[in-house]
Amino acid sequence: MATMASAHPNFVAIDWNGTFVPFFGLPAFAGAAEAVAKLRAQNIPVIVVSRASKAEISADVARCGIEFDAVYGCSAKMPVLSDLRMQFGRGVYIGDIPSDQRDAIGADLYFIQALVDSNTRPIPGVGSVIKSFDELDAVLLAMFGG
C-alpha cells in the first residue's frame, strides 16, 4: 500500500501574481493559505518562485502572513526551478500562464495550471488544472497516485 508521502511530490513551487494572489497588494485566493498549510503539515516544502524583485515578492508574501519554506524573486524562473528540482527531486510548479508551463517543463517539473482568477485563460493541452485551491490535494493525488 502506498504511503501518504508517495502520493505527493517532494516539493511544491507556486507562482505569485495570478496564481496565489490576483495581484500584489490583494488578498490570497480562497483556500490558498489552507492548501499551503496542509502541504507543509505533511512536510512537503512549499516555495514561492515569482518573476519579481526579491524585495517586492518577499514584502507581498509577508503582507499575506502565510508561511512558506522559501521565497524567490527572480527575472527567470527556470534556473530557480531547476535548482529546486536538483535539491528536492520530483516536484510541481503551480502557475497561471504559458511561460509558467514552459519554465516547469524546462526544469523537469510537473505543472498545474491555476485557473482561480477569472482573468486567466486555459492553456491548451494542460492536463492538470485547479479552479480552486480546495482542489489541490485531489489533483496531486491523481498526479502521483496513492
Side-chain angles (χ1 to χ4, degrees), residues 4-5 7-85 87-144 146:
M4 184 60 108
H8 287 89
N10 295 344
F11 76 98
V12 174
I14 302 175
D15 176 49
W16 193 249
N17 285 319
T19 301
F20 201 82
V21 298
F23 196 73
F24 285 118
L26 297 176
F29 287 114
E34 294 81 3
V36 168
K38 186 173 184 179
L39 288 168
R40 292 187 77 233
Q42 296 172 54
N43 296 315
I44 299 169
V46 183
I47 301 158
V48 174
V49 179
S50 188
R51 203 170 276 118
S53 73
K54 173 75 173 166
E56 184 178 35
I57 193 66
S58 295
D60 207 57
V61 169
R63 176 193 58 80
C64 284
I66 299 164
E67 291 289 324
F68 290 92
D69 294 281
V71 176
Y72 293 91
C74 53
S75 59
K77 296 177 187 178
M78 193 183 328
V80 174
L81 294 172
S82 293
D83 287 348
L84 293 171
R85 169 78 164 94
Q87 180 181 352
F88 292 105
R90 73 178 182 174
V92 171
Y93 187 55
I94 303 171
D96 61 321
I97 58 176
S99 64
D100 292 336
Q101 179 190 31
R102 286 190 298 274
D103 291 338
I105 291 169
D108 195 26
L109 299 175
Y110 294 89
F111 179 70
I112 297 173
Q113 186 183 18
L115 288 175
V116 295
D117 188 336
S118 61
N119 294 319
T120 302
R121 297 180 190 258
I123 300 170
V126 170
S128 298
V129 172
I130 57 170
K131 294 182 179 178
S132 161
F133 274 91
D134 295 336
E135 300 172 355
L136 182 58
D137 200 50
V139 170
L140 290 172
L141 189 61
M143 291 175 86
F144 292 95

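Just so it is clear, the values below take in all heavy atoms, side chains as well, and ignore hydrogens, waters and symmetry mates.
Distance CZ/R40 to CD/E67: 5.5 Å, rounded to 0.5 Å. Between atom OH of residue Y93 and atom CD of residue Q101 there is a gap of 12.5 Å, rounded to the nearest 0.5 Å. Note that the CE atom of M78 and the CG atom of D108 stand 11.5 Å from one another [nearest 0.5 Å]. Note that OG of S132 and CG of D134 are 3.5 Å apart. Values are rounded to the nearest 0.5 Å.
Here K38 pairs with D137 under the salt bridge (Lys or Arg N to Asp or Glu O under 4.0 Å) rule; sequence neighbours left out. When the side chain to side chain contact (heavy atoms under 4.5 Å, CB included) test is applied to A35, the partners found at least two apart in sequence or on another chain are F133, L136. Remark: Y72 engages no residue in a ring-ring contact (aromatic ring centres under 6.0 Å, His included) (not counting sequence neighbours). Every residue meeting the side chain to side chain contact (heavy atoms under 4.5 Å, CB included) condition with P98, not counting sequence neighbours, appears here in chain and number order: R102, I123.
Taking all atoms of both residues into account, the shortest heavy-atom contact from G91 to P9 is CA-CB, 3.9 Å. Annotation for E135 and I130: closest pair OE1-CA, 3.3 Å, computed over non-hydrogen atoms. Smallest separation of non-hydrogen atoms from I94 and A114: CG2-CB, 4.0 Å.
Considering only heavy atoms from C-beta on, L84 stays 4.5 Å or farther from L109 through its side chain. Two residues are said to be in side-chain contact when any heavy atoms from C-beta on lie closer than 4.5 Å; D100 and I97 meet this criterion. Side-chain contact between R90 and F144: present, with at least one pair of heavy atoms (C-beta onward) separated by less than 4.5 Å.
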May I have the list of side-chain donor-acceptor pairs in residues 43-52 shorter than 3.5 Å, sequence neighbours left out?
| unit_1 | atom_1 | unit_2 | atom_2 | d |
| --- | --- | --- | --- | --- |
| R51 | NE | S75 | O | 3.4 |
| R51 | NH2 | D103 | OD2 | 3.0 |

Could you pull out all donor-acceptor pairs under 3.5 Å where a side-chain atom in residues 15-32 meets a protein atom, sequence neighbours excluded?
| unit_1 | atom_1 | unit_2 | atom_2 | d |
| --- | --- | --- | --- | --- |
| D15 | OD1 | K77 | NZ | 3.0 |
| D15 | OD2 | T19 | OG1 | 3.0 |
| W16 | NE1 | D60 | OD2 | 2.7 |
| N17 | OD1 | F24 | N | 2.8 |
| T19 | OG1 | D96 | N | 3.3 |
| T19 | OG1 | D96 | OD1 | 3.2 |

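The main-chain N or O of R121 is found under 3.5 Å from a side-chain atom of Q113 such that the two form a donor-acceptor pair.
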After noting the C-alpha distance and the side-chain angles of V12 and I112, does the key distance pass the side-chain contact (heavy atoms from CB on, under 4.5 Å) rule? CA-CA 10 Å; V12 174; I112 297 173; over 6 Å; no

